[in-house]
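Labels below follow one simple rule: chain letters A, B, ... track the order of the sequence lines, proteins then strands, and each chain is numbered from 1. Keep in mind that the numbers below use all heavy atoms, side chains included, and drop hydrogens, waters and symmetry copies.
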Number of protein chains: 2
Amino acid sequence: MKLREFAKQLGLSPTTVSRALSGYPEVSEATRARVASEAMRLGYRPDINAVRLKTGRAGAIGVMMARSGEIHFAEFMSGMAQRLETADTDILITPITAHNDEDEMQAYRRLVESRRVDAVIIHSPRPRDPRIGVLNSLGLPFLVHGRSESEHVHAWLDIDNENAVRRSTEHLLDLGHRRIAMINGLRGKTYSIHREQGFRVAHQERGLVADPNLMVCDKFSDESGFRHARSFLERANAPTAIVAGSTMTALGVYRAVRSLGMTVGQNVSVIAHDDVFPYLTAESMVPSLSTTRSSMRAAGTRCAELTLQLIAGRAVDEIHELWPVELILRESTAPPP
Amino acid sequence: MKLREFAKQLGLSPTTVSRALSGYPEVSEATRARVASEAMRLGYRPDINAVRLKTGRAGAIGVMMARSGEIHFAEFMSGMAQRLETADTDILITPITAHNDEDEMQAYRRLVESRRVDAVIIHSPRPRDPRIGVLNSLGLPFLVHGRSESEHVHAWLDIDNENAVRRSTEHLLDLGHRRIAMINGLRGKTYSIHREQGFRVAHQERGLVADPNLMVCDKFSDESGFRHARSFLERANAPTAIVAGSTMTALGVYRAVRSLGMTVGQNVSVIAHDDVFPYLTAESMVPSLSTTRSSMRAAGTRCAELTLQLIAGRAVDEIHELWPVELILRESTAPPP
DNA sequence: GCAAAAATTGAAATCGGTTTCAATTTTGTT
DNA sequence: AACAAAATTGAAACCGATTTCAATTTTTGC
């Protein structure tokens, strides 16, 4: 059903009907109500493509998806979707080849040239992330999930990674641990750098120095957790505690500890960052895992909201959110043996 | 840059330029080449919304995303994205409230009425899935990832769940196990029913009967794996082997076995279905996990391809693919003690 | 060399809405 | 009751492409 036809059935002009449905003030309350109820009854809904062509709004937010499996992706998206459900805004997934900035930026250009999205959200930035400059010069609004140190002001939402790791490290130090290892995220990402910073600062406050030999960067996976934990624990002067980058990493760490005949929470303490996945919960691990917690889903919801504000014209330099992280102590952290 | 302007720069009419770019035959090779190279140089790209309005194609495939965390989601999407990268087709995520069919069908109606997608992909169907009838009557092309027994013919791609579980169960029976438990997926889903069927058939072939007390349905998660495995293993007449629904479930099962002072691959055998997640691999578990394997990512890629064919007009009743599942034996399965 | 056929190009209509601007009706004021 | 102001409605232009149909140019056949 088209506007023409629908308007004719109502005995009104397309103009009035359009205005009634889009909530313009210059249409009488009576007609508005009638139009709305008839639209519902007859199932009329404007052709989204015509609306977009005319208004110039794409009605979609783009999300770049690296081809490599991103474990956080589904939760974040699900959070976004929840907010956008009522905003008449779609989520557009654009695939990009992992670790290829040139490719990704080409994809942004395409998106802009073809007016497919009103804004994009980018993930896991690095301190000097070239994407930010490109997006800036393209004039495409964007929100960074994470932070960058780019000279261009940009909207961002990040969790307080530095403080998170600082607090978990302090907790371990308070318990008496002195040799603490850290299995960090991907090298070069801002969040990894912040976490490392938190790790160092916690040591420094107590006049200690974080041992560079006990710090490693890698992707978040069960396998990498296992491999690095094992390598740490087999050393002569093995650490008594491990800070893990994610619950998935912690899983591998637990396994490594067990494989050496030791017990988590007894011989070795473990603490990890938890993005809250419904299928893998820290409290159900054995022993239950102490974590710093921050919901990826909530971040997705909020990022969607902020991006909508961005599109609506809110100033970029007003949009900066740093989320605190909860420290949740469970059984996996205890004084050293 | 608009078509008008771009055409003027080339000294051609918009008509010719449009034809050249869309690959129509009635434009000379020389002009086509010139148009293509100039478009590249000047960065001209048709406004996607205008194209869509005119052609009536939405240029997008819809995917319904339940609000609950779907662990498979990211891998599947990533596979889809890979295929669609070169097809000028977007992926549109539409959020739906989990377990609320009415809501989901309302969402379909909205999608159709506003011409937002050319087709949708639906997941995890049930044998008599009401969504199929609705989509059918709406005239919106759709592909089912999984299968239904709906009276309406529909395009589908599924993995051979029955055979997968049948083979893993046969393997356990061959090893000498006689009390085998199964932790299945969500009750009512077609895949759970097929898996249960495979479990039963494997028993029947050998003149045995699958014990209904050793079969349970639940979501795929570490926690549910633990809970059910524990409940099974604490019984008087405990099973000597467990068939788990996913690697995530197997994780919980492993944990349950250990928590009772037993060892996987010694006191208890475990086999699971593996959808191949990059962050949790069966071979790196300890002991390495025997699995039936089928790549979720590959399924996503193929579903995207089939959906494109569907949009291009391929007959629905031609599109049925049943994928075989690999059986991969590792250390977690061994003869009963 | 010329007519007919084939190849190539362009003018204008169209997709389905939104929005500007003008016209009409209603309300308020004296 | 008469007029100005405010509220409401509608006609027509427009968003930026595609595509029909007609016009022009080039090629072919004899």
Qualifying residues under ring pair (Phe, Tyr, Trp, His ring centres under 6.0 Å), relative to A/His152, sequence neighbours excluded: none
Residues which pass salt bridge (Lys or Arg N to Asp or Glu O under 4.0 Å) with A/Arg314, listed by chain and number, not counting sequence neighbours: A/Glu318
side-chain hydrogen bond (donor to acceptor under 3.5 Å, both in side chains) involving A/Asn136 - partner list, sequence neighbours excluded: none
Sorted by number, the residues of residues 6-14 of chain A with heavy-atom contact under 4.0 Å to DNA chain D: A/Leu12, A/Ser13
Under the side-chain contact (heavy atoms from CB on, under 4.5 Å) test, residues paired with B/Ser148 that sit two or more places apart: B/Pro125, B/Asp129, B/Ile132, B/Ser150, B/His154
Between B/Arg147 and B/Thr190: side-chain donor-acceptor atoms closer than 3.5 Å: no
Residues which pass salt bridge (Lys or Arg N to Asp or Glu O under 4.0 Å) with A/Asp47, listed by chain and number, not counting sequence neighbours: B/Arg115
Any B/Thr15 side-chain nitrogen or oxygen under 4.0 Å from OP1 or OP2 of C/dT9: no
Degree of bending, the helix from C/dG1-D/dC30 to C/dT30-D/dA1 (end axes from five pairs; round to 10°): 30°
Stretch residues 17-41 of chain A: residues that reach within less than 4.0 Å of DNA chain D through a heavy atom: A/Arg19, A/Glu26, A/Val27, A/Ser28, A/Thr31
Aromatic plane relationship, B/Tyr44 with B/Phe6 - under 30° parallel, 30 to 60° tilted, over 60° perpendicular: parallel
With A/Glu38 via salt bridge (Lys or Arg N to Asp or Glu O under 4.0 Å) - residues at least two apart: A/Arg41
Within-4.5 Å side-chain heavy-atom neighbours: B/Asp275 and B/Glu75: no
With B/Arg45 via side-chain hydrogen bond (donor to acceptor under 3.5 Å, both in side chains) - residues at least two apart: A/Glu113
Results of salt bridge (Lys or Arg N to Asp or Glu O under 4.0 Å) for A/Glu321 - residues two or more places apart only: A/Arg302
DNA chain D-proximal residues of residues 44-59 of chain A, any heavy atom under 4.0 Å: A/Leu53, A/Lys54
